[in-house]
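What's counted below: heavy atoms across the whole structure, side chains too, no hydrogens, waters or symmetry copies.
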Amino acid sequence: MAAYSMTTRSQSLSTSDAQPFPQKLSNDPVTNKAAQTTVTCVYQTHIAGFWRNVTVLWGKNLMNYSLSISVDSVEKEGVYMCKIDLKPWHFWAKKGYKAFEVDGNQMEAYWDLRSAKFSGSPEPVSDFYVVLVSEEEVVLLLGDLKKKAYKRTKARPALVDAMLFYKKENVFGKKSFSTRAKFDRKKKEHDIVVESSTSGPKDPEMWISIDGIVLVHIVNLQWKFRGNQTVLVNKQPIQVFWDVHAWLFCGPGSNHGLFIFKNGEGEGESDEEVVEEEDENGSKGDESECSENSKYFSTHSYSKDSKFCLFLYAWKIE
């Protein structure tokens, strides 16, 4: 079942089937495992003559999966939003189509998630597509079933592909937390795993691995619960920031550890300043450093200046 609505950033969503949607991707409080696991992805897309942010929110709770898509308005302070419930007993809802308007421009959304495969995350890993079409052009295409998507939409590829520049994920676990990220859009996704040992007679430790290789190993974590390190992934420098104070000094499930993975070399910021600034401001979507502080981009700035950021909120449970 799909529903579209228009909402401003100064208002909260009031529809009964709408998920709490982070208009500025703020830190939504999560207190227990029953809370929804979410993956939020923000893409830069060219729609109707303007660069706009398209935010895709994948969700999973004990009952079902959900998908929300919002498109920024450039005429007013707000977004156009679609929500799709993928309940197990509503097989027909896993494939659909919806036409809607963004600032007076016709758009179409197509999706086929009937055979989608998942790997612990609410975001599918294969055998699906989600498409946004504007002016007979595919402005956003997610998933690996590209041929089927183009055949169904009968639309042409965009002149400039949409680009993922921000990803935020809430995950739950006891000792291990995993996610996926693509630091270079021309290369494959990488598997990221954070593992920790924070209880028992030994001093707490933490390991951060990418594609099975441990790149960060922190001993005496009680003294090094905040920090950063630059690692190389396929010869590409990636900044890794962490703040796990809550793991060591707060009750289980009462707060999260924060991990940030960011393209490029560090620029001399202190560890605490970067983590605190990213935690407070980095999740503001189009106002963050990652988004170049603007909704509008030339092709030059789009291709060279946009940096990818991954925010991993790791919630420890018993």
Side-chain angles (χ1 to χ4, degrees), residues 25 37-43 56 58 60 117-126 142-144 163-198 204-221 224-248 256-269 271-272 274-275 277-279 282-283 288-290 306-316:
L25 303 182
T37 302
T38 61
V39 176
T40 304
C41 299
V42 183
Y43 300 84
V56 179
W58 301 92
K60 181 181 73 171
K117 292 182 174 58
F118 299 84
S119 180
S121 168
E123 182 182 20
V125 295
S126 65
L142 308 179
D144 56 338
M163 187 180 71
L164 174 66
F165 73 99
Y166 178 101
K167 182 176 180 179
K168 169 185 170 182
E169 185 163 2
N170 282 287
V171 296
F172 299 84
K174 294 182 178 181
K175 295 182 178 180
S176 181
F177 308 88
S178 61
T179 184
R180 296 175 293 119
K182 183 182 289 189
F183 299 112
D184 186 331
R185 61 194 180 109
K186 295 181 180 179
K187 298 181 180 178
K188 69 179 184 69
E189 277 193 324
H190 299 280
D191 294 317
I192 300 172
V193 178
V194 176
E195 296 178 285
S196 65
S197 176
T198 56
E205 293 183 70
M206 182 177 71
W207 301 262
I208 301 175
S209 62
I210 298 180
D211 295 333
I213 301 173
V214 176
L215 298 179
V216 178
H217 179 205
I218 305 299
V219 296
N220 298 320
L221 191 60
K224 302 174 184 177
F225 50 81
R226 292 191 184 99
N228 78 301
Q229 187 172 323
T230 299
V231 301
L232 291 178
V233 178
N234 292 340
K235 300 181 180 180
Q236 180 182 4
I238 303 296
Q239 297 178 70
V240 182
F241 303 89
W242 64 88
D243 182 349
V244 295
H245 178 273
W247 283 3
L248 301 166
H256 57 260
L258 170 63
F259 299 87
I260 302 169
F261 299 83
K262 190 176 179 182
N263 283 348
E265 299 278 3
E267 299 178 357
E269 309 99 323
D271 301 341
E272 291 192 21
V274 172
V275 172
E277 179 182 352
E278 295 288 2
D279 194 13
S283 58
S288 72
E289 177 194 33
C290 302
S306 302
K307 294 182 179 180
F308 172 76
C309 294
L310 166 66
F311 293 79
L312 180 64
Y313 293 82
W315 299 83
K316 272 188 175 289

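The closest side-chain heavy-atom distance from Leu221 to Leu248 is below 4.5 Å. Counting only heavy atoms from C-beta outward, the side chains of Tyr313 and Leu258 approach each other to under 4.5 Å. Counting only heavy atoms from C-beta outward, the side chains of Phe259 and Val244 approach each other to under 4.5 Å. At least one side-chain heavy atom of Ile238 sits under 4.5 Å from a side-chain heavy atom of Asn263. Side-chain contact check for Lys167 versus Thr40: every heavy-atom pair is 4.5 Å or farther apart. No side-chain heavy atom of Asp184 sits less than 4.5 Å from a side-chain heavy atom of Asn234. Annotation: side chain of Ile218 is in contact with side chain of Val216 (closest heavy-atom distance under 4.5 Å). With contacts defined as side-chain heavy-atom distances shorter than 4.5 Å, the pair Leu312/Val194 qualifies.
A side-chain N or O of His217 and one of Trp207 form a donor-acceptor pair less than 3.5 Å apart. When only modelled atom types and interatomic distance are considered, Thr179 and Glu169 share a side-chain donor-acceptor pair under 3.5 Å.
Counting heavy atoms of neighbouring residues, nucleotides and ligands inside a 6.0 Å radius, atom NZ of Lys182 exceeds 12 of them.
With Trp247 contributing its side chain and Ala314 its backbone, the two residues share a donor-acceptor pair below 3.5 Å. Proximity of a side-chain donor or acceptor of Lys168 to a complementary backbone N or O of Thr38 within less than 3.5 Å is not detected. Listed for the Ser121 side chain is a donor-acceptor partner under 3.5 Å among the backbone atoms of Glu123. A donor-acceptor contact shorter than 3.5 Å is absent between the side chain of Lys262 and the backbone of Gln239.
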TODO: Take Ser196 and Lys316 through the test side-chain hydrogen bond (donor to acceptor under 3.5 Å, both in side chains) and record every step on the way to the result.
DONE: CA-CA 10 Å; Ser196 65; Lys316 272 188 175 289; 2.9 Å; yes

Task: Step-by-step side chain to side chain contact (heavy atoms under 4.5 Å, CB included) determination, Thr37 to Phe172 - done: CA-CA 8 Å; Thr37 302; Phe172 299 84; 3.5 Å; yes

Task: side chain to side chain contact (heavy atoms under 4.5 Å, CB included) assessment of Val240 paired with Ile208 - done: CA-CA 9 Å; Val240 182; Ile208 301 175; 3.8 Å; yes

- [ ] Determine, stepwise, if the pair Val171 / Trp315 fulfils side chain to side chain contact (heavy atoms under 4.5 Å, CB included).
- [x] CA-CA 6 Å; Val171 296; Trp315 299 83; 6.0 Å; no

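Taking the centre of each ring, Phe311 and Trp242 stay at or above the 6.0 Å mark.
Here the shortest heavy-atom pairing between Trp58 and Leu142 reads CZ2-CD1, 4.4 Å. The two atoms that bring Gln229 and Leu215 nearest to each other are NE2-O, 3.2 Å, heavy atoms only. For the pair Leu164 and Val42, the tightest heavy-atom approach, listed with the atom from each and the gap, is CD1-O, 3.4 Å. Across Phe308 and Ala181, no two heavy atoms sit closer than the pair CE2-CB, 4.1 Å.
Phe183 and Phe261 have tilted rings, their planes meeting at an angle from 30° to 60° on a 0 to 90° scale.
For Val193, the side-chain contact (heavy atoms from CB on, under 4.5 Å) test picks out Ser176, Ser178, Glu195, Ser209, with sequence neighbours left out. Applying the side-chain hydrogen bond (donor to acceptor under 3.5 Å, both in side chains) test to Lys117 and every residue at least two apart in sequence or in another chain returns Asp127. Residues satisfying the side-chain hydrogen bond (donor to acceptor under 3.5 Å, both in side chains) test with His245, not counting sequence neighbours, are none.
Note: Ile210 CD1 to Leu232 CG = 10.0 Å, rounded to the nearest 0.5 Å.
Taking the charged nitrogens against the carboxylate oxygens, Arg180 and Asp211 have no contact shorter than 4.0 Å, which rules out a salt bridge. Salt bridge present: Asp243 and Arg226 bring a charged side-chain N and a carboxylate O closer than 4.0 Å.
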